[in-house]
Amino acid sequence: MHSGRDAITGSDRVRTTRRVWAEEDGPLLVEGPVEFRLADGTSVVSDRFVVAVCTCRRSAAYPWCDTTHRHLQRRQDADSGRTEGS
Amino acid sequence: MPQIPGRQPGPPLPTPRGPLSRAVLHALRTSGMPGGTEAAGEATDPWGEDLQLALYMLYELHYRGFEAVDEELEWSPELLTLRRALEHRYLAALRASVPAADMTQALDGLLDEPARGEPPSLSDHLARHGTLADLREYAAMRSLYHLKEADPHAWVIPRLTGTAKAAMVAVEFDEFGAGRAEDIHARLFADLMEDLGLDSTYGRYLEQAPATMLASVNLMSLFGLHRSLRGALAGHFAHVETTSSPASRRLAAALRRVGAGAAAVRFYAEHVEADAVHEQVVRHQVVGGLLEEEPELAADVAFGIGATALVEDRFAERTLSHWQEGGSALRGPVLPV
C-alpha cells in the first residue's frame with residue numbers, strides 16, 4: 001500500500017485504494033494497519049499486513065478473528081444435518 | 001577452536017544414536033568421508049532415532065551449522081549423497097503411510113477439531129491437565145523448530161511466482177517481525193523459554209529431542225530444500241497455519257493456568273491472531289495462487305498436508321504416552337528446575 005507524500009505534487013493528501021475481501025463463513029480481511037472503533041468509543045489498532053476482522057462476533061479477541069467461527073459453522077452444519085434426517 | 005569475534009560458534013554436536021549418526025558425526029568432526037553408512041539401506045528404521053538424527057545434522061549445515069564444523073561441508077558431495085539416501089528412506093516411509101486424499105477435502109479437514117470421544121490433541125491435554133513441567137518439556141522439544149521459526153519455509157520463495165509468491169513473502173515478513181528484530185517469532189519463543197527458566201541458546205535441547213520431534217523439523221527442511229516438493233511445502237504451511245490459531249489459544253490458556261509470565265503467554269497469544277490471518281492468506285493465496293499457476297501440484301499439496309498431520313500425530317502420541325505414564329517425554333535427563 002502507498003501512503004505519505006506524493007512524489008510529484010508534494011501533497012501529503014495521497015490516498016490509495018485499500019483491498020478488503022470476505023471469506024465465506026469467515027472473517028473480513030482488510031489490508032492493515034487498521035484502527036477499529038469499538039461501540040464504547042475506544043479504539044484498538046493492529047498493524048499487521050492484513051487484519052482479520054471477526055464477523056461472527058464470538059471471538060474472544062474481538063474485533064480480531066480467533067477462528068471461533070469454525071465451531072459455530074460446525075454446530076450449524078450438525079443442526080441442519082439433524083433437521084434433514086428427521 | 002579460535003572464535004571469530006561477534007560470531008556465534010553454533011551449537012555443539014550431539015552424541016550419536018546409532019551407526020548412521022555416528023558416521024555423520026565423524027565426517028563433520030574430521031571433514032572426512034562419511035564411512036560406515038551401509039545402514040542407510042533397508043536395515044535402519046526411517047522413523048528411528050539414528051536416521052532422524054543423522055538427517056537432522058545434515059540439514060542443520062544449511063541453517064546454522066555446528067561448533068567447530070567447517071561451513072563448506074554444507075556442499076560436500078559425499079554428505080549430500082548420504083543426505084539424498086536418507087531423504088529417500090524418509091520420503092518413502094511418508095508416501096507409504098499418507099493416504100491419497102483430495103486436496104480440497106484435505107484443506108477443509110484441517111478446520112475440524114477433534115470431536116467428543118476422539119483422543120485429545122496435545123494442546124487440549126496441556127490446556128486441561130498440563131503441569132508446568134509438561135509445558136517446559138513441550139517448549140524444550142518445540143524449540144528445535146521455533147528457534148528457527150519460518151526459516152525452512154523461506155526456501156520456497158524463489159520457486160513461487162505471482163499471487164503465491166507475494167502472499168508467501170507477506171506471511172514470512174510477519175513471521176520475521178515485520179521489520180522489527182524484537183518481534184521475530186523465534187525471538188518471541190526465546191523470550192517464552194527464558195520465562196519458563198529454559199536455556200534459549202540455539203540447538204541447546206537437540207540432545208533431549210526424540211526422533212518424533214526431529215522428524216517434524218526434518219519434514220520442513222525436506223519440503224523446503226527441494227523445488228520438486230514445493231507443492232508439499234505449500235500444503236505443509238497450510239496445515240501449520242490452519243491448526244495453529246486454536247492450538248495457540250489452548251497453549252496460552254495452559255500457560256496462564258500454571259502461572260507462567262507475560263512473555264511466555266505472549267508467544268501463543270500473538271499466534272492466535274496472527275495465524276487467524278495467515279490461515280486465510282495461505283489457504284486462498286499461497287495454495288490457491290500456486291494451483292492456479294500449476295494445477296498439477298494439487299496431489300503434492302494434499303501429500304504435504306497429510307504428511308504433516310502424520311508427523312505431528314506421531315509426536316503428540318509419543319509425548320502423551322510418556323506423560324500419562326508419569327514420565328518425561330525427553331531423552332536423557334529431566335530438565336533442572
Side-chain angles (χ1 to χ4, degrees), chain A residues 1-4 16-38 42-82 84-85, chain B residues 104 107-116 118 123-124 127 163 166-180 183 185 241-253 256 265-266 268-288:
Chain A
M1 209 168 330
H2 311 282
S3 59
T16 53
T17 307
R18 196 166 289 250
R19 187 174 290 174
V20 177
W21 67 102
E23 292 302 336
E24 198 183 341
D25 304 320
L28 194 67
L29 294 152
V30 185
E31 286 182 343
V34 166
E35 178 189 337
F36 194 103
R37 285 283 173 91
L38 295 160
T42 60
S43 284
V44 279
V45 171
S46 176
D47 58 3
R48 217 172 283 291
F49 68 101
V50 172
V51 177
V53 177
C54 168
T55 55
C56 75
R57 303 274 183 142
R58 298 290 193 278
S59 171
Y62 189 84
W64 317 130
C65 171
D66 73 348
T67 72
T68 297
H69 59 270
R70 293 185 197 170
H71 296 278
L72 300 173
Q73 190 52 40
R74 207 163 38 252
R75 206 176 305 155
Q76 282 165 12
D77 290 349
D79 289 350
S80 63
R82 212 173 297 141
E84 282 161 21
Chain B
T104 310
L107 265 184
D108 288 347
L110 296 176
L111 299 174
D112 295 331
E113 301 216 10
R116 273 177 204 284
E118 284 182 33
S123 60
D124 259 324
T163 302
M168 188 72 199
V169 170
V171 173
E172 288 282 90
F173 182 64
D174 219 21
E175 299 280 350
F176 296 139
R180 291 181 294 245
D183 291 338
H185 284 183
E241 297 292 354
T242 305
T243 54
S244 166
S245 183
S248 296
R249 190 173 51 214
R250 291 189 283 268
L251 290 166
R256 283 192 196 98
V265 175
R266 184 187 170 203
Y268 288 111
E270 157 70 12
H271 280 76
V272 174
E273 275 173 47
D275 294 343
V277 173
H278 295 177
E279 172 211 334
Q280 302 293 346
V281 175
V282 173
R283 285 161 58 86
H284 298 283
Q285 293 174 278
V286 176
V287 172

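Per chain, numbering begins at 1; letters A, B, ... match sequence-line order.
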Counting C-beta onward and ignoring hydrogens, is there a side-chain heavy-atom pair between A/Arg70 and B/Glu279 closer than 4.5 Å? yes
Name the region of B/Thr242, side chain, backbone, both or neither, that has any atom closer than 4.5 Å to a heavy atom of chain A. both
In terms of heavy-atom proximity below 4.5 Å to chain A, should B/Val281 be classed as side chain, backbone, both, or neither? side chain
Which heavy atom in B/Ala276 sits nearest to a heavy atom in A/Cys65, and how many Å separate them? CB-O, 3.4 Å
Going by the side-chain contact (heavy atoms from CB on, under 4.5 Å) test, name the single residue among A/Asp66, A/Thr68, A/Thr67 that passes it with B/Pro246. A/Thr67
Under 4.5 Å from any heavy atom of chain A - which part of B/Ala178: neither
To the nearest 0.5 Å, atom CG of A/Asp47 lies from atom CZ of B/Arg180 at 5.0 Å
Side chain, backbone, both or neither: which part of B/Ala274 has a non-hydrogen atom closer than 4.5 Å to chain A? both
Count the heavy-atom pairs under 4.5 Å between each of B/Asp174, B/Asp275, B/Val272 and chain A, then report the option with the highest count. B/Asp174
Spacing of A/Glu23 atom CD and B/Arg283 atom CZ [to the nearest 0.5 Å]: 8.0 Å
